[in-house]
Amino acid sequence: MRSSAHLLFLLLFSLSIISSVSSWKRDEFRTCNQTPFCKRARSRKPGSSPLVATHVAISDGDLIAKLTNPNQEDPVNPLVLTLSAYHDGVLRLQIDEDPSLDPPKKRFQVPDVIVPEFLNKKLWLQKLSEEVIGRDLGPSSVVYLSDGYEAVLRHDPFEVYVREKGGGNRVVSFNSHGLFDFEQLRVKKEEEDWEERFRSHTDKRPYGPQSISFDVSFHEADFVYGIPERATSLALKPTKGPGVEESEPYRLFNLDVFEYIHDSPFGLYGSVPFMISHGKARGTSGFFWFNAAEMQIDVLGSGWDAEDSIGLPSDQNRIDTMWMSEAGVVDAFFFVGPGPKDVVRQYTSVTGTPALPQFFATAYHQCRWNYRDEEDVAQVDSKFDEHDIPYDVLWLDIEHTEGKKYFTWDRVLFPNPEEMQKKLDAKGRHMVTIVDPHIKRDESFHLHKEATEKGYYVKDASGKDYDGWCWPGSSSYPDMLNPEIRSWWADKFSYANYVGSTPSLYIWNDMNEPSVFNGPEVTMPRDALHYGGVEHREVHNAYGYYFHMATADGLVKRGNGKDRPFVLSRAVFPGSQRHGAVWTGDNTAEWEHLKVSVPMVLTLGLTGVAFSGADVGGFFGNPEPELLVRWYQLGAYYPFFRGHAHHDTKRREPWLFGERNTELMREAIHIRYMLLPYFYTLFREANTSGVPVMRPLWMEFPADEATFSNDEAFMVGSSLLVQGIFTESNCQNVDDTFITFYQRAKHASVYLPSGQSWYYLSSGTAYKGGTTQKMEVLEDSIPTFQRAGTIIPRKDRFRRSSTQMVNDPYTLVIALNSTQEAEGELYTDDGKSFEFAQGAYIHRHFVFSDGKLTSSNMAPYTSGKSQFSSGCSIERIVLLGYSGRPTSALIEPANHKADIELGPLFLRKGRSPTVLTIRKPNVRIVEDWTIRVM
């Protein structure tokens, strides 16, 4: 019997893998060999770039040069190179065709992404020095970048790099291997065929080849990370080179990939061409290519260029990469770091820091394709209350509309949408409805009629309104590149235009890659035309960004600029973080997808998108209860926490899997609500610095090599370490006649970074850092630790939604280090308006030292700024690792005492009290005070 069960399990497992793989229709998407620009660039050899830098000079604060080809047998028009320096160690390199030579068209440069504040940080270069590099026959040009760093333009061979002053060690270099190629626009010759064909689609390519490719090297780097979106490891694996099984490059091309597979470099819904390197020797650096066309990137294995070396300094830990794009210009940024948080701050100084979300949006969201009608909505809402499970947002997918026409309601299924929303709002809850970019081509639909009359649609190659197929059938797409059309779209979210909407309704942008079911690679043809004659190939990866932007602007406009918007987007591009949240798309209810969700969310955070998460439970398929529970336990620590499922799946609200599983999921959600003050404080940190909420371990421990490739555990802020459980503890036979236990997850290995101790939150037990702990796997939680030396704010009273927690008191959890010290922060504001930008917030700094806890103000007070106040107090202070046994605490300046007792860390049944608790000190968060332990 046992042997039969085992064989049956293996058979079913194999079939599930085959089914999962076959559901992803790989042949719908191009490979590098089927993509001419990628195939050409990948075949280039080191040293093949013929360009040299000439006419080097300083002009208007920039270094200007021409890139020319001295080989008269292969003439090429000079290219214009510009090097610009900015505050905080950011170098910008731009290379474009010379406009004075009258190219056939102006190459596209992406507008409305780089924030104006960054442009104001330009350093006006005054001095250009020359230096002979190595054995070069001529000089190179050197300019100041920042204290400790300088930029070098090597003339012959052409190369740009950033180096440290003094020692001259390189940080990031461009074209060090001579792979730069820039296909200039030209007039077509009679014998040339510029058309490209893939499956049944023909791309007319009226302007011909216009690709760009080059190499970038990261020096003293152990690993590289970034360039989302992909479902694979956090550290980027080599795709080409000696000893490497050659694979597809990492593709950046926004696509609607149905049921994507894990462990693949294939591009998904978003594209952020920003890569970060990290190594123990030097630290962290970054490189960003600001380009919206399709991009392919190789990570090159060590020694790939040995046969064609061009004399690059031999860095033991250098990582070489190859960047290839179909169109655009070179608009690249070098970030010197030297720390991980420095690089993220530098990158978000260019593209913008993440928006501060409304407080409710940081709580739990419940979604399904689709909740059927108003009765279904009411029942789901009431069941959350019945089972004492908090949630803040209920979502409606496309079936809520009339014939999939957005901004409408199905009047049979949802006859009273305003009343439905007001009932949720009365409980402090909100609703989100979906609004996609495809507009149904129906002459009776006012939105289509107006867009047609105004000429607001993207055009096909012949100049007619582009007609593609999506959920409503025949559809057209607003040209969001046009600011006028974005403004028109934003107006559609007014209460007068979006009839049935209320102030508690927010928006979900799906399918905005854009998805076109009958288009090439399930998207829009590359030769479609946008505002200003821009081809879709040039703007493709940014289309969803502009749609996201216009929608967010619409929610701001409807509230007269007072309230922050909430808009979730599937497509991603640099700058998306300024407009709302992102999720990782249509994942599957499999353990592998639970596991890969961690590096996917971490990578988005590293590239500026701090507010992201994965569909809890998996969008496709039916998770077994254990997988669903483990996903809730992990998802409670995602920055964006939403349960979601396909309409073909079984219903999976948390109360449908038996009493014990309901209890486990409820506890996971409760933990998220307890930690909301901590999460909100981290969102504010992201808003001011760009540093993500959810972080790879090496971001907090940059010198600990054991963290560099760890993508199963992560940090939430600087204080919490979370280790997921990614294997099931048992398997059950398909016909339920017997059960075979495999006991795969009795224990979990958790690496605790060095430098501090760690407190296990299930018990309060302290563990030494720099060790791997074999932790018993508990069904009611995943391993979570608080870092010694930190203070975390919580709210422990259980409410039905976050908005009902506003006036609840706080708990402070103090994890003491070896010197009996700790510190932390608390940020709070009104949770919804933009008043925080005028100083209307509370920001406190807590320090425990010498046996006393002190609260001080971190918010700078400026006369005239609007103020925010709160009546909230602190009702409980939990001390972990305190060496003494005090009996009371003296609160000053109030000069009264509070009791100290043993108490539990979390309010869980059956947990023995192991920590010290100061009860009811009743100090207000807006005031300065000191609590001395006695």
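Hydrogens, waters and symmetry mates play no part in the numbers below; they use all other heavy atoms, side chains included. Everything numeric here is computed off the predicted structure, so don't read it as measured data.
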A.B. asks: Tell me whether the NZ or CZ atom of R526 lies within the 45° cone about the ring axis of F253 and under 6.0 Å from its centre.
C.D. replies: yes

A.B. asks: Taking only residues two or more places apart in sequence or in another chain, which ones pass ring pair (Phe, Tyr, Trp, His ring centres under 6.0 Å) with Y751?
C.D. replies: none

A.B. asks: Write out all pairs satisfying side chain to side chain donor-acceptor pair (under 3.5 Å) with one or both partners inside residues 331-342, taking only residues at least two apart or from two chains.
C.D. replies: R92-D331, K341-E700, D342-R345

A.B. asks: Please list, chain by chain and in numerical order, all residues satisfying salt bridge (Lys or Arg N to Asp or Glu O under 4.0 Å) with D586, sequence neighbours excluded.
C.D. replies: R570

A.B. asks: Mind checking ring pair (Phe, Tyr, Trp, His ring centres under 6.0 Å) for Y225 and listing every partner two or more places apart, or none if nothing turns up?
C.D. replies: W698

A.B. asks: Considering residues at least two apart in sequence or located in another chain, which fulfil the side-chain hydrogen bond (donor to acceptor under 3.5 Å, both in side chains) criterion with W631?
C.D. replies: Y638

A.B. asks: Check side chain to side chain contact (heavy atoms under 4.5 Å, CB included) between T31 and all other residues, then give those that pass, not counting sequence neighbours.
C.D. replies: R26, N33, Q34, E248

A.B. asks: List the residues meeting ring pair (Phe, Tyr, Trp, His ring centres under 6.0 Å) with Y364, not counting sequence neighbours, and say none if there are none.
C.D. replies: Y632, F641

A.B. asks: For S277, give me all partners under side-chain hydrogen bond (donor to acceptor under 3.5 Å, both in side chains), at least two apart in sequence or on another chain.
C.D. replies: S285

A.B. asks: Just jot down the side-chain hydrogen bond (donor to acceptor under 3.5 Å, both in side chains) partners of W395, sequence neighbours excluded, or say none.
C.D. replies: H365

A.B. asks: Compute both the distance and the angle, then confirm whether R230 meets the cation-pi test with F266: under 6.0 Å from the six-membered ring centre, within 45 degrees of the axis.
C.D. replies: no

A.B. asks: Do W323 and S325 pair up side chain to side chain, a donor and an acceptor below 3.5 Å, judged on atom types alone?
C.D. replies: no

A.B. asks: Just to verify, which of T523, D256, D436, D510 counts as forming a side-chain hydrogen bond (donor to acceptor under 3.5 Å, both in side chains) with S515?
C.D. replies: D256

A.B. asks: Listed by chain and number, what are the side-chain hydrogen bond (donor to acceptor under 3.5 Å, both in side chains) partners of H540, not counting sequence neighbours?
C.D. replies: H536

A.B. asks: Just to verify, what does S719 make a side chain to side chain contact (heavy atoms under 4.5 Å, CB included) with, not counting sequence neighbours?
C.D. replies: Y678, T790, I792

A.B. asks: Does a side-chain N-to-carboxylate-O contact under 4.0 Å join E294 and R30?
C.D. replies: yes

A.B. asks: Tell me whether the rings of Y347 and F288 are parallel (<30°), tilted (30 to 60°) or perpendicular (>60°).
C.D. replies: perpendicular

A.B. asks: Mind checking ring pair (Phe, Tyr, Trp, His ring centres under 6.0 Å) for F198 and listing every partner two or more places apart, or none if nothing turns up?
C.D. replies: none

